[in-house]
Amino acid sequence: MKLMKKALALAALAACGTASAGLLTFEDLTPTIYAGGELVSQTDVRATVLGDPSGLAGALTNGADPLSCFVTACPVGNDSNYFAGLNDGGLNLSAGGRFVSLKSLDFSFVGPMPITGLANFGRLVVEGLGLDGASVFESREFGAADANGNFSFASWDLSAGFASTWFSGVNVYACLYTANGDCENPAGNQAQFAVDNLAYAVPEPSSIALVGLSLAGLAALRRRRSSI
């Protein structure tokens, strides 16, 4: 098991050789609603909705169109398209068998209605799915509502350690604080968020070949040891 973990780490390092950076903006998409499991976008990365496959779990929203926010209190400060995770839903980023890393994003809370004075109520969570089955988490508190009860977009640069790590996938979702201070999801369908401008990277195909060589080398080493 230790040998396998070391090999996975070496494979991840091999994939770091060359990478292709991208920015997921949702601008080329038509505003619509999604159930859990539905595909939002597929370019270098696949963006898939997390949540109830039989219910409303997400929406592609046009921030410049006030009619697109007739159900919830959509955030201000973004007049472009963005993704909203609704009813405790989320968003998964993957790269079709390749690794992916997430560098930064813009985010906001999506309230059920304008709520004046609401602050310190929850966080946006980014979960990196590790190659060994473990997860790495980072989170950032949502900003407080303004005097009109609106929430605004803010920018978040992930830590250097998280941003430089290759994952099999990255989940983005919200959690809300309970009375005892825990931040939880599910949260009565109120853990909602908006994200935009997700800066990511995926390895170049030549680096994927290096990963294959690393794992092939591990297999050869194990066969050699078993024959001694």
Side-chain angles (χ1 to χ4, degrees), residues 22-76 78-98 100 102 105-115 121-129 133 135 137-140 142 150-151 153 156 167-178 183-200 202:
L23 187 67
L24 182 57
T25 65
F26 308 105
E27 286 309 297
D28 57 339
L29 303 175
T30 301
T32 187
I33 60 174
Y34 301 96
E38 290 192 300
L39 182 67
V40 177
S41 174
Q42 181 172 1
T43 52
D44 288 337
V45 296
R46 290 172 55 91
T48 306
V49 179
L50 301 172
D52 186 352
S54 62
L56 176 61
L60 204 293
T61 304
N62 180 359
D65 181 5
L67 296 180
S68 66
C69 296
F70 64 94
V71 175
T72 59
C74 289
V76 298
N78 188 338
D79 293 333
S80 66
N81 285 355
Y82 58 83
F83 175 80
L86 305 174
N87 298 322
D88 297 339
L91 190 69
N92 169 265
L93 302 180
S94 63
R98 291 190 287 169
V100 62
L102 184 63
L105 51 80
D106 298 336
F107 74 104
S108 175
F109 183 64
V110 174
M113 63 185 71
I115 308 172
F121 52 89
R123 309 179 73 90
L124 186 75
V125 181
V126 176
E127 176 188 9
L129 305 175
S135 293
F137 297 89
E138 292 208 351
S139 64
R140 178 68 62 89
F142 291 113
N150 296 315
F151 301 95
F153 273 88
W156 178 16
F167 299 105
S168 60
V170 177
N171 293 333
V172 182
Y173 56 91
C175 66
L176 299 183
Y177 292 126
T178 63
C183 202
E184 297 185 348
N185 180 316
N189 291 329
Q190 300 302 306
Q192 305 187 137
F193 67 94
V195 288
D196 197 6
N197 300 321
L198 292 92
Y200 65 86
V202 295

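Here the structure is a predicted model, which is why all the values come from computation and not from measurement.
In this structure, the separation between SG on C74 and CG on D65 is 10.0 Å, given to the nearest 0.5 Å. Residue S108 holds its OG atom at 7.5 Å from CZ of F142, rounded to the nearest 0.5 Å.
For V49 against G58, the heavy-atom pair with the smallest separation is CG1-N, 4.2 Å. In terms of heavy-atom proximity, A47 sits nearest to L93 at CB-CD2, 3.9 Å. Closest heavy-atom contact between V100 and S94: CG1-CA, 4.5 Å. Considering every non-hydrogen atom in both T72 and Q192, the closest pair reads CG2-NE2, 4.0 Å. Closest heavy-atom contact between C183 and G122: SG-CA, 4.3 Å.
No donor-acceptor pair closer than 3.5 Å links the side chain of D79 to the backbone N or O of A64. In terms of modelled atom types and a separation under 3.5 Å, the side chain of N185 and the main chain of A187 share no donor-acceptor contact.
Within the structure, side-chain hydrogen bond (donor to acceptor under 3.5 Å, both in side chains) contacts touching residues 47-62 (residues at least two apart or in different chains) are D52-S54.
Residues E184 and Y177 have side chains not in contact (no heavy-atom distance under 4.5 Å, counting atoms from C-beta outward). Within the 4.5 Å cutoff, the side chain of V126 has no heavy atoms near those of the F137 side chain. Looking at V45 and V202, their side chains come closer than 4.5 Å, going by heavy atoms from C-beta outward. The closest side-chain heavy-atom distance from L124 to L105 is below 4.5 Å. Looking at L102 and L198, their side chains come closer than 4.5 Å, going by heavy atoms from C-beta outward. The shortest side-chain heavy-atom distance between T43 and Y200 falls under the 4.5 Å cut-off.
T25 meets the side-chain hydrogen bond (donor to acceptor under 3.5 Å, both in side chains) test with no other residue; sequence neighbours excluded. The side chain to side chain contact (heavy atoms under 4.5 Å, CB included) test applied to P114 returns A73, N150, not counting sequence neighbours. The side chain to side chain contact (heavy atoms under 4.5 Å, CB included) check on A194 picks up P75, Y82, V110, F153, with sequence neighbours excluded. By the side-chain hydrogen bond (donor to acceptor under 3.5 Å, both in side chains) test, R46 is found to be paired with Q42, residues two or more places apart in sequence or in another chain being considered. By the side-chain hydrogen bond (donor to acceptor under 3.5 Å, both in side chains) test, D196 pairs with N78, S80, sequence neighbours left out. Under the side chain to side chain contact (heavy atoms under 4.5 Å, CB included) criterion, L29 pairs with F26, V40, S41, L60, not counting sequence neighbours. With sequence neighbours left out, Q190 forms a side chain to side chain contact (heavy atoms under 4.5 Å, CB included) with P112, L176. The ring-ring contact (aromatic ring centres under 6.0 Å, His included) search around F83 returns none, not counting sequence neighbours. Partners of N87 by side-chain hydrogen bond (donor to acceptor under 3.5 Å, both in side chains), not counting sequence neighbours: none found.
Between F109 and F151, the ring-plane angle classifies as perpendicular under the 30° and 60° cut-offs.
Counting non-hydrogen atoms of neighbouring residues, nucleotides and ligands closer than 6.0 angstrom, the CG atom of L50 exceeds 12 such neighbours.
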Donor-acceptor pairs under 3.5 Å, side chain of residues 168-175 to any protein atom, not counting sequence neighbours: which ones?
residue, atom, partner, partner atom, Å
S168, OG, L129, O, 3.1
N171, OD1, N92, ND2, 2.8
N171, ND2, E127, OE1, 3.3

**OP:** Apply side chain to side chain contact (heavy atoms under 4.5 Å, CB included) to the pair F107 and W156, showing each step before the final yes or no.
**Re:** CA-CA 8 Å; F107 74 104; W156 178 16; 3.7 Å; yes
